[in-house]
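By convention here, the first residue in the shown sequence is residue 1. Both counts, for ligands and for their atoms, begin at 1 and track the order of listing. All values below come from the heavy atoms of this structure, side chains included, with hydrogens, waters and symmetry mates left out. Predicted model, so just to flag it, every value in this text is computed and none were measured.
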Amino acid sequence: MSSPRTISLAFTGASGLPYGLRLLECLLAAQARVYLLYSPAAQVVARQELDLTLPTQPHAAASFFAERYGARPGQLTVFGREDWLAPIASGSNPADAMAICPCSMGTIGAIASGLADNLIERAADVMLKERRALVLVPRETPLSAIHLENLLKLARAGAVILPPSPGFYTHPEGISDLVDFVVARILDQLGVAHALSPRWGEARVAPQKIERA
Ligand SMILES: Cc1cc2nc3c(=O)[nH]c(=O)nc-3n(C[C@H](O)[C@H](O)[C@H](O)COP(=O)(O)O)c2cc1C
């Protein structure tokens, strides 16, 4: 599997930021170029579930994550919520693939309605219209008929709906194994090589496991 050159990754205000952070770490380890975006609600969730303060200013955020995950210079760019001059705001310069992880039901609804009211929604809108891979990792439970209709609409428009639903048949030893199970499925959809979790029918120990930062 060859890694796409550029991946857009957005964190929104659903629970499950550990999935998003691990995905970012793995994308950078796989030498992908990453465009990172996050919503104000994602910052609230980061504080609530991880005691983590995500910087508000894009350049501070880029330094924070580059240091945390050892990104090489120029590998990671963080865009602000209304940075309409970002390449991913236009169909003339989309990323190779995009993931929104975790994805709130609010953002699901906005994308399903074509609102494009901030850069996350606009970048997702661009991926759909340009027929590029858009992987949505929605988190809510239970799901209402509105949620289900929005998810179906997005699936029909070409998005991959990938709920964070880890399998237990791999005998996970802890939360990090459950997180890696989901992140492995997302990386598969993004076309990014990894050895995070064993594949069905293969040996149980992965040869090049990416250690956590
Ligand atoms: C701690 C916390 C957890 C939340 N978990 C979820 C969730 O799992 N799913 C969801 O759809 N919204 C969740 N929300 C609500 C969203 O953050 C809220 O709807 C927000 O407006 C989403 O905005 P965004 O899509 O721009 O990030 C949560 C909020 C907080 C503070």
One finds that the ligand 1 atoms under 4.0 Å from a non-hydrogen atom of Ser39 are 24 (P), 26 (O), 27 (O)
* Does the N or O separation between Gly13 and ligand 1 drop below 3.5 Å for any pair? -> yes
Practice item. Check whether the side chains of Asp188 and His194 place a donor and an acceptor atom closer than 3.5 Å, and report yes or no. Key: yes
Heavy-atom protein contact below 4.0 Å for atom 11 (O) of ligand 1:
yes
Here the atoms of ligand 1 under 4.0 Å from any heavy atom belonging to Met105 are 10 (C), 11 (O)
Side chain to side chain contact (heavy atoms under 4.5 Å, CB included) filter on Gln75, not counting sequence neighbours, yields Leu28, Gln31, Ala71, Arg72
Between Cys103 and ligand 1, does any nitrogen or oxygen pair lie at a separation below 3.5 Å? no
Below 4.0 angstrom, N of the basic side chain to O of the carboxylate: do Arg33 and Asp96 qualify? no
Ligand 1 atoms nearer than 4.0 angstrom to some heavy atom of Thr107 are 24 (P), 25 (O), 26 (O)
Note to self: Between ligand 1 and Ser15, is the shortest N or O to N or O distance under 3.5 Å?
What the structure shows: yes
In short, Val182 meets Ser165 closest at the heavy-atom pair CG2-N, 3.9 Å
Taking only non-hydrogen atoms of Ala41 and a 4.0 Å limit, the atoms of ligand 1 in range are 17 (O), 20 (C), 22 (C), 23 (O), 27 (O)
Looking at Gly16, Ala14, Pro102, the heavy atom closest to atom 6 (C) of ligand 1 belongs to Ala14
The reported gap from CD in Glu121 to CD1 in Ile108 (rounded to nearest 0.5 angstrom) is 11.0 Å
Protein heavy-atom contact under 4.0 Å for atom 21 (O) of ligand 1? no
Fill in: Distance under 6.0 Å and angle within 45° of ring axis: Arg185 vs Phe181
yes
In ligand 1, the atoms that come under 4.0 Å of a heavy atom of Thr12 are 25 (O), 27 (O)
Closest heavy-atom approach to atom 3 (C) of ligand 1 among Val45, Leu17, Thr141 is made by Val45
Exercise. With only distance considered, is Arg81 within less than 3.5 Å of ligand 1 through an N or O on each side?
Worked result: no
